[in-house]
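Every chain is numbered from 1, with letters handed out A, B, ... down the list of sequences.
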Amino acid sequence: MKIIYFAWLRQKTGVSEEDASPPETVTDVAGLTGWLKGRGGGFAEAFDDLSVVRAAVNQEHVGMDHAVSAGDEVAFFPPVTGG
Amino acid sequence: MKIIYFAWLRQKTGVSEEDASPPETVTDVAGLTGWLKGRGGGFAEAFDDLSVVRAAVNQEHVGMDHAVSAGDEVAFFPPVTGG
Amino acid sequence: MIRVQRQDFDVGAELAALSGDNRGIGGVCAFVGLVREMAGGEPLRSMSLEHYPGMTEKALARIEAEARERWPLEETLIIHRYGKLEPGERIVLVATASARRQAAFESCNFIIDWLKTKAPFWKLEQTGGGAEWADARDSDGAAAARWFRDAKGKQLD
Amino acid sequence: MIRVQRQDFDVGAELAALSGDNRGIGGVCAFVGLVREMAGGEPLRSMSLEHYPGMTEKALARIEAEARERWPLEETLIIHRYGKLEPGERIVLVATASARRQAAFESCNFIIDWLKTKAPFWKLEQTGGGAEWADARDSDGAAAARWFRDAKGKQLD
């Protein structure tokens, strides 16, 4: 699973992109954030308040209950501020 | 009184601009159209259907009951179609 | 700013001049009206735009002032052409600049809607069937009427 | 058409290319977003726009397609820049062309409203106090929400 971080999530985690293999118990976005938070440090900080975290799976906006699996590209970012 | 005609009112009357001296009984725009219509010919035709005639006095849109007097610039034209 | 002119205008240059050095502008909304190739179901060869010199400028300045009263605008521009125009040619440019985009959109839309019913221009359309004065559209009256009430609910003429 | 690019764009040239030879266009509505000099009450030195390559293009293409489904549009254009930008610089251009002006206005407004809440861009603002990620505005969410129901009253995400 490819995981990408943008804006302050990238800064807090210190990672812009990684290949990760979460355990089989991680089946949705919420589960993934929990697993990442469990790493502690900047990851715990980045995923501390999920109300300001948005996710995309395979480049589509999704909710926290959206399924994730091994081949997916998952991105985490704050609410968008373009335009 | 200066009277100006635009678009098909100019074409029907055959006049683009004239200096006119209507009688003192002409006190408003409606009265003026009646007097002009009384000239017959193209003028009668131009002012036959007042629902498609608009007026300005001193370069301001006005209603048919607006006063007119000797020193005014009065214009007659169809509903506008710019833009 | 108001301009009534026979010649064409350069949209990019006009918009760049509109913003100028004003760093308080967050959004510019522009509308460009073009001559369509069809007029009342018939192919249009050309049109002639007649106007009322003097009153035109007054009417446009009043519409611009009304827009500036209703919305917090940094800059406004109305350019309207007259004379002979062919399909594809630019007729009018309205541009409004504001800190906020919604003010720019609404005021630009307001100006073109009011211009369509209040600025003294008349189109003579030349088709294969001859020359005809364009009819005012009911939809233009309805579009202008949307803006008849100001923020305080006061009826405006 | 969608373009995501670091470099500036020429509004006049883009709008001329948008209309091209399409004589069915009666009106073009354009919105240009500019970098304002103030950010959260402090003078802005510059901003850096980060985006999600790949997803950005998909998101913009989907917004454009949605606009074309909702309004009878002849042409559409979205150009969005990324990278470092200074006050006064252009960020985004949205332009829509239609036979009718109201379709052009509404669709252009719709595209920028949806872009503001759906396109994956993030602004890092540099002021005298340091660099801060811009907060999403509630007003942008409200602006986007105005368009959540389509003509058939179907709820859209």
May I have a table of the donor-acceptor pairs connecting chain D and chain C at distances under 3.5 Å?
{"unit_1": "Arg23(D)", "atom_1": "O", "unit_2": "Glu37(C)", "atom_2": "N", "d": "2.9"}
{"unit_1": "Arg23(D)", "atom_1": "NE", "unit_2": "Pro87(C)", "atom_2": "O", "d": "3.3"}
{"unit_1": "Gly26(D)", "atom_1": "O", "unit_2": "Leu34(C)", "atom_2": "N", "d": "2.9"}
{"unit_1": "Val28(D)", "atom_1": "N", "unit_2": "Val32(C)", "atom_2": "O", "d": "2.8"}
{"unit_1": "Val28(D)", "atom_1": "O", "unit_2": "Val32(C)", "atom_2": "N", "d": "2.8"}
{"unit_1": "Ala30(D)", "atom_1": "N", "unit_2": "Ala30(C)", "atom_2": "O", "d": "2.8"}
{"unit_1": "Ala30(D)", "atom_1": "O", "unit_2": "Ala30(C)", "atom_2": "N", "d": "2.8"}
{"unit_1": "Val32(D)", "atom_1": "N", "unit_2": "Val28(C)", "atom_2": "O", "d": "2.8"}
{"unit_1": "Val32(D)", "atom_1": "O", "unit_2": "Val28(C)", "atom_2": "N", "d": "2.8"}
{"unit_1": "Leu34(D)", "atom_1": "N", "unit_2": "Gly26(C)", "atom_2": "O", "d": "2.9"}
{"unit_1": "Glu37(D)", "atom_1": "N", "unit_2": "Arg23(C)", "atom_2": "O", "d": "2.9"}
{"unit_1": "Pro87(D)", "atom_1": "O", "unit_2": "Arg23(C)", "atom_2": "NE", "d": "3.3"}
{"unit_1": "Arg101(D)", "atom_1": "NE", "unit_2": "Asp113(C)", "atom_2": "OD1", "d": "3.0"}
{"unit_1": "Arg101(D)", "atom_1": "NH1", "unit_2": "Asp140(C)", "atom_2": "OD1", "d": "2.9"}
{"unit_1": "Arg101(D)", "atom_1": "NH2", "unit_2": "Asp113(C)", "atom_2": "OD1", "d": "2.9"}
{"unit_1": "Arg101(D)", "atom_1": "NH2", "unit_2": "Asp140(C)", "atom_2": "OD1", "d": "3.2"}
{"unit_1": "Asp113(D)", "atom_1": "OD1", "unit_2": "Arg101(C)", "atom_2": "NE", "d": "3.0"}
{"unit_1": "Asp113(D)", "atom_1": "OD1", "unit_2": "Arg101(C)", "atom_2": "NH2", "d": "2.9"}
{"unit_1": "Asp140(D)", "atom_1": "OD1", "unit_2": "Arg101(C)", "atom_2": "NH1", "d": "2.9"}
{"unit_1": "Asp140(D)", "atom_1": "OD1", "unit_2": "Arg101(C)", "atom_2": "NH2", "d": "3.2"}

Pick from Ala13(D), Cys108(D), Gly20(D) with the largest number of heavy-atom pairs that fall under 4.5 Å of chain C: Cys108(D)

Residue among Ile112(D), Val92(D), Leu15(D) with most heavy-atom pairs under 4.5 Å to chain C: Ile112(D)

If you check every heavy atom in residues 27-35 of chain D against those of chain C, which residues fall under 4.5 Å? Gly27(D), Val28(D), Cys29(D), Ala30(D), Phe31(D), Val32(D), Gly33(D), Leu34(D), Val35(D)

Pick from Gly24(C), Ala104(C), Ala95(C), Ala16(C): which one has the most heavy-atom pairs with chain D under 4.5 Å? Gly24(C)

Atom group of Ala143(C) that falls short of 4.5 Å from chain D, counting heavy atoms: side chain

Partner chain C: residue of Gly26(D), Gly12(D), Gly88(D) with the largest heavy-atom pair count (under 4.5 Å): Gly26(D)

